[in-house]
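Counting starts at 1 for both ligands and their atoms, following the listed order. This chain uses plain numbering: 1 for the first residue, then up along the sequence. No hydrogens, no waters, no symmetry mates; every other heavy atom, side chains included, goes into these values.
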Amino acid sequence: MKTIKPLNLKIIRSDLDHIAKARGIIVVLVTPEGALDPYARRVNKLTRGSLTRLISSKKFEEADSGQLFSIYFPERCAAEQICVVKIERRTSKLAARKVGVSIAKMKGSVEMLLALGNFPNLIELCKGIVLRDYKFDIYKADASSKSDGSTLITVMTKNPEFFNSQVPELVAIRDGVFLTRNLINEPSNILTTEEFASRLEELSKLGIKIEILDEDDLRNLGMNAFLGVGQGSSSPCKLVIMSWLGAADDDSLLTLVGKGVVFDTGGISLKPAGGMEDMTMDMGGAAVVAGVLATLAKRRSPSNVVGLVGLVENMPSGTAQRPGDIVKSMKGDTIEVINTDAEGRLVLCDVMWYAQERFKPSAIVDLATLTGAVIVSLGHENAGLFSNNDWLCNEVLKAANSENEGAWRMPLGKSYSKLLKSRLADIKNVGGRAAGSITAAAFLEKFVKPEIPWVHIDIAGVAQTKTESDHAPAGATGWGVMTLDTLVKNNFERG
Ligand code: BES
Ligand code: MN
Ligand code: ZN
């Protein structure tokens, strides 16, 4: 199992004389006008004017803001590399984070000194570094022991006390995002429903209350839609409930629901072979919910948030659900299963109904790698948002925007939900080829009490990418952990 190594961050008070002695890479800033702060000036002096040459060059003039320049084996420095960032003194939070991402890509596993003076967004720059400094290489013989944040980063600042006060939150976010990525990257022979549940059980160490319902419990609750999806697999269905009650005297409660299909073959409506291996990530919604809970607990968020994840494997077998089967959901509505590959909604409808019945939440957000159709609509740039409530949806959009996680609202409406009419049952589980991600959302909407603000987030396109994304190398991105953490911070924290 991949463990998350502690962040190796050292914070020291500004000391110009440390520059010559620092090992590895030294990062300094230069403004687009070529202004040097005392640290850059010291580097310039030690290296007999290399920065002066750099800023008077055409290369520097033509470079975009945020670009890095490297000087290797600089004179009179113990360091092997100087990295000069061309950046304004005042930048947005996201521009600072982007610089951090570039630094992480450049640094490899070499130790580093950030000598950035009083750069105002130092913590965001560091966030960019630590989010990008991730590797999932436990199944490789030559796995480097120095990946993901285990190499030393020294931050030099005039105000170590202030910087230090921001570090716990940085660590909380990093650890939540990395937990999500680790779960998504894990193959399905390892991350079975049972293994997933036992990894979530470990979150109790953080003060999260964990409950695990097994198949007998689910049967007693009437969750036959959920159970039907898992009946062809030898991995049993599990419903894991993670409660972070950080504001016990507050009656607002957010519930997060995640699709946790540990592998989606399609079932009897079997998927084609090409690309089927990607379905190891079909538990991405559940992984994001777990990551958010971990972040909230690690930063001791004064909020009440309950995460519920339906863990199940969708397999074809002699006991598998058939196309045409009719199942009765916990809500009581019957569902005609036209296509066993539209399984996520069958899991979510029961878990969402249970969440509303038991917790009477003030809001509900579900996350799911629900449809290939959302990738056709929005590609890998944006998650699809669907909602019955403009306020909550706008808050999710705002949070996503501020964290540089793409999100785009899609429509719902009667004309879509009527596509789910079944000849035999109350509803069928697919609505045909057109508007596939919308009819999937419309299905879920039937299991949401109209008075409860709800946002459904289809993360099929963003949970995992084949090439690197803004904050992550290729593979699991951790999309959504920061968005939902920010949503909680902005709307569900006491006081
Ligand atoms: N897990 C898939 C959706 C998916 C596709 C996620 C690609 C990530 C990448 C989901 O269970 C599914 O199979 N959906 C079907 C629905 C269809 C049968 C109505 C789809 O999108 O094709
Ligand atoms: Mn499917
Ligand atoms: Zn699926």
Regarding E493 and S301, is there a side-chain donor-to-acceptor distance under 3.5 Å anywhere? yes

Might you point out which heavy atoms bring [X] and [Y] nearest each other, and give the distance in Å?
X: L94; Y: N401; answer: CD1-O, 3.7 Å
X: V288; Y: W479; answer: CG2-O, 3.3 Å
X: P323; Y: S269; answer: CG-OG, 3.8 Å

Taking 4.0 angstrom as the limit and counting only heavy atoms of [X], give me the atoms of ligand 1 inside it, by number and element.
X: I375; value: 7 (C), 9 (C)
X: N339; value: 18 (C)
X: E343; value: 11 (O)
X: A460; value: 6 (C), 8 (C)

For T439 and ligand 1, answer yes if some heavy atom of the residue is under 4.0 Å from a ligand atom, otherwise no. no

What are the protein N/O/S atoms, named by residue and atom, that sit under 2.8 Å from the Zn ion (ligand 3)? K259 NZ, D264 OD2, D282 OD2, E343 OE2

Are [X] and [Y] ion-paired here, with the side-chain N under 4.0 Å from a carboxylate O?
X: K238; Y: E211; answer: no
X: R97; Y: D470; answer: no
X: D390; Y: R409; answer: yes
X: D278; Y: K466; answer: yes
X: R199; Y: E202; answer: no

From NZ (K328) to CG (D350), nearest 0.5 Å: 12.0 Å

When rounded to the nearest 0.5 Å, the distance separating OG1 of T371 from CD1 of I438 is 9.5 Å

Between OD2 of D264 and OE1 of E343, what angle is found at the Mn ion (ligand 2), rounded to 10 degrees? 100°

Look at atom NZ of K331 and say whether more than 12 heavy atoms of other residues, nucleotides or ligands are closer to it than 6.0 Å. yes

Heavy-atom neighbours of W408 CH2 exceed 12 at 6.0 Å: no

So which protein heavy atom does [atom] come closest to, and at what separation?
atom: atom 2 (C) of ligand 1; answer: D264 OD2, 3.5 Å
atom: atom 16 (C) of ligand 1; answer: R345 NH2, 3.9 Å
atom: atom 9 (C) of ligand 1; answer: M279 CE, 3.5 Å
atom: atom 20 (C) of ligand 1; answer: G372 N, 3.9 Å
atom: atom 19 (C) of ligand 1; answer: V430 CG1, 3.5 Å
atom: atom 14 (N) of ligand 1; answer: L370 O, 3.5 Å
atom: atom 1 (N) of ligand 1; answer: D282 OD1, 2.8 Å

Is D282 close enough to the Mn ion (ligand 2) to have an N, O or S atom under 2.8 Å? no

Do any nitrogen or oxygen atoms of K259 come within less than 3.5 Å of a nitrogen or oxygen of ligand 1? yes

Report yes if T371 has an N/O atom closer than 3.5 Å to an N/O atom of ligand 1; otherwise report no. no

Pi-cation contact, Y134 with K2 (under 6.0 Å, within 45°): yes

Under 4.0 Å from atom 22 (O) of ligand 1, can you find at least one protein heavy atom? no

Under-4.0 Å heavy-atom contact with ligand 1, by part of D341 that carries it: both

Can you list every side-chain hydrogen bond (donor to acceptor under 3.5 Å, both in side chains) pair that touches residues 426-437, not counting sequence neighbours? T334-D426

